[in-house]
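One structure is given below, encoded as structure tokens.
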Protein chains: 2
Amino acid sequence: MASSIRDVAREAGVSVGTVSNVLNRPEKVSPATVERVLAAIERLGFVRNDAARQLRVGRSRSIGMVVLDTRNPFFTDVAHGAQAQALSDGYTVLLGGSDEDSSREVALLDLFEEQRVAGLLISPVHTDLSRLWRLREAGTPVVLVDRGSSDHSFSSVSVDDVEGGRIAAQHLVDIGRSRIGFIGGPLAIEQVAQRLEGAQAVVSKYRGVALTVFQPQALTVLEGRRIGEEIVAMPAATRPDALFAANDLLALGVIQALVMTGSLRVPEDIALVGYDDIDFAGAAVVPLSSVRQPATEIGATAVKLLMHEADGDRGPEQVVFQPTLVSRASTLGYE
Amino acid sequence: MASSIRDVAREAGVSVGTVSNVLNRPEKVSPATVERVLAAIERLGFVRNDAARQLRVGRSRSIGMVVLDTRNPFFTDVAHGAQAQALSDGYTVLLGGSDEDSSREVALLDLFEEQRVAGLLISPVHTDLSRLWRLREAGTPVVLVDRGSSDHSFSSVSVDDVEGGRIAAQHLVDIGRSRIGFIGGPLAIEQVAQRLEGAQAVVSKYRGVALTVFQPQALTVLEGRRIGEEIVAMPAATRPDALFAANDLLALGVIQALVMTGSLRVPEDIALVGYDDIDFAGAAVVPLSSVRQPATEIGATAVKLLMHEADGDRGPEQVVFQPTLVSRASTLGYE
DNA sequence: TCTGATCATTGAAACGCTTCAATAACGAAT
DNA sequence: ATTCGTTATTGAAGCGTTTCAATGATCAGA
């Protein structure tokens, strides 16, 4: 069986307290003793039991993170940024994906709560935040990721999604398109709803420009392809001449559908803007214009806010990044 | 503070043993009592402390997973498959990325060992497996993922990488190419070395066909782009007329470089095969031919083998999947 | 009425760690 | 020689579970 701190103490001829000190505050122990204990640890192949440590200390050194989709490169990048920052603060990030399903989300929260995570980063499916309130009441700091806290009750780090929708739609209008299709859903996802809102705001300013909404079941390549096929099948008169997809996964799926059937050209017949500017966007059949968000920075910032909350010095803070448009071939851009 | 099982016991007027039974074997407790306890739990907002449970039980309900790169969609898919399978067995997967760096790998192993994970899935950077031996000796089942166990001492689930290299190279020869470039590295990564080995085996069978090796620092889009630029800069006479990239990230990077400079056409001037067939491969500028591996199935199988090891019935098992070629435009294929 | 057998509940003993008040050891200062 | 301060070490308490032998309650059968 795995040896315990007690075995190490016996082996090194010291007390358990001393072994614990060697592990946690070696500067409090005389060098000779440290050496002796380390040798014993080595000899026994001792590995500290984190469960026991945690039980005693009350909190874990892990941060729970819930994102909408672990397979979406955008969230992978956010998580990567969070990981790196957490590491430098001595924490570990546990990543879980809700797959945009609120029951999976609840299951993850249960799990993290049982683990007594040091904090929670979440990109919630729900608009209902009561569960998060409870968690926070119970002493677990919570930071909303990629989603603002409208009433400022939570710390959050987000990107201005309304503005993102605005610049995407404006760009399409600027290149002369008038029948704009928005692809995104479920609309219950705040980010999607806000990007739509931004697009609508622009469209309503121009007479002669109309917006049609296509609602996929999920924000995936597969669903994008399905919607793309749907659009190809529309009569040319009503078919959009420009599309704004709520994320790049959808956009890439749409491109696949358009290009594979070969009947419609991008951007000549249909221009296309995506969202997130994932690494793969620039390498697409038709390099994809996209609204860029600073993914890793979002993750890193979220962890920083979490640390602030944990310190308890200040109240909730909101950080809002501004999105930028990256224009490529799919909207006549160069690059 | 968070309430304990003791508080629940008091609130419900029963003993702690009974509360524990309600939590773990409700069928052993009379319905009336179950109800009373559940009500008390609800009233107090009790959440079981997993650290204490784990300390008592000795093992956690988590499986540690170490992959080479959490941002590579291939591994994301493998992890997803593992997650799903683990879930149905009542486990959780903790995912960590080594970034192909063995010190990060060691740090992750330390972490997982301290957590007393129920098992370990690993796609190791190292060829040296002694650390894993020790872990296994200590009672933690280990399964190698995407990597065979040459001496059959570990359970493993892998794909025949030599065969993968073979079919990729054979395909390039079949479409009439003779100056083949292999892009992959570091060669210390077994998968890369084996794919190269397979390619070499094919090339050596044909006189007049030569293989050049390009070694990126890492298997990323960025490195692919760098190598791609290097290739563009080569004199036409010695420049490869076909490339085989050790994974799709590299291949997409290469494509970006080739297409952006605009001087070389794919596949006319240079044909290109990738590896993994990630979702984005089919949506690339020039849809990418690729060697497909059954990613989610690999993950799911790995968890199954882990469960077998844990049961201890049988010895180590090796599962080897066969890769298949998906031919697209980048090698004159259709689709 | 009594005896077992069955079922539900109890309560205390770990699990392995950290923490902290108490003790020991040892010079320095008186 | 005595006292004081400093530094190093000790050992026991307690974190919140699970588990299991022991106890109590209930009931069928004789």
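Chain letters run A, B, ... following the sequence lines, proteins first, then strands; residues in each count from 1.
- Applying the 4.0 Å criterion to OP1 and OP2 of dT18(D), one finds that S20(B) has a side-chain N or O inside that range.
- Although no hydrogens or angles enter the test, the distance criterion places a donor-acceptor pair under 3.5 Å between the side chain of S98(B) and the main chain of V67(B).
- Using a 4.0 Å heavy-atom distance criterion, R116(B) is classed as making no nucleic acid contact.
- Screening L129(B), L68(B), V143(B), L109(B) for a side chain to side chain contact (heavy atoms under 4.5 Å, CB included) involving I122(B) leaves a single residue, L109(B).
- Distance CZ (R61(A)) to P (dT18(C)): 12 Å, rounded to an integer number of Å.
- Following rounding to the nearest Å, E35(A) (CD) and dA8(D) (P) show an atom-to-atom distance of 16 Å.
- Of the candidates E137(B), E113(B), E105(B), R131(B) forms a salt bridge (charged side-chain N to carboxylate O under 4.0 Å, His left out) with just one, namely E113(B).
- One interatomic measurement links the two molecules: CD of E27(A) to C1' of dA8(D), which rounds to 13 Å at whole-angstrom precision.
- Counted within 6.0 Å of CZ on R6(B), heavy atoms from surrounding residues, nucleotides or ligands total 12 or fewer; the atom is thus considered open.
- Rounding to the nearest 0.5 Å places CG of D77(B) at 12.5 Å from CD of E297(B).
- Rounded to whole Å, atom C1' of dT17(D) lies 12 Å from atom CD of E114(A).
- Of the residues E317(A), R136(A), E309(A), K304(A), the one that meets the side-chain hydrogen bond (donor to acceptor under 3.5 Å, both in side chains) test with S155(A) is E309(A).
- Look at CD1 on I5(A): it is 12 Å from C1' on dT19(C), rounded to the nearest Å.
- Checked for salt-bridge contact, E114(A) and R61(B) miss the test: no charged N lies under 4.0 Å from a carboxylate O.
- Taking atom CZ of residue R10(A) and atom P of nucleotide dC17(C), one finds them 13 Å apart after rounding to whole Å.
- Taking 4.0 angstrom as the limit, N24(A) places a side-chain polar atom (N or O) nearer than this to OP1 or OP2 of dT18(C).
- Spacing between atom CG of L44(B) and atom P of dG16(D) amounts to 13 Å, rounded to whole angstrom units.
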Task: Reading 5' to 3' through nucleotides 9-14 of chain D, protein heavy-atom contacts under 4.0 Å coded B for base, S for sugar-phosphate only, - for none - done: SBBBBB
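- Straight-line distance from the CZ atom of R59(A) to the P atom of dC15(D): 16 Å, rounded to whole Å.
- In this structure, the nucleotide among dC17(C), dT19(C), dG16(D) sitting nearest to the side chain of L55(A) is dG16(D).
- For dT18(D), one of the phosphate oxygens OP1 or OP2 lies less than 4.0 angstrom from a side-chain nitrogen or oxygen of R48(B).
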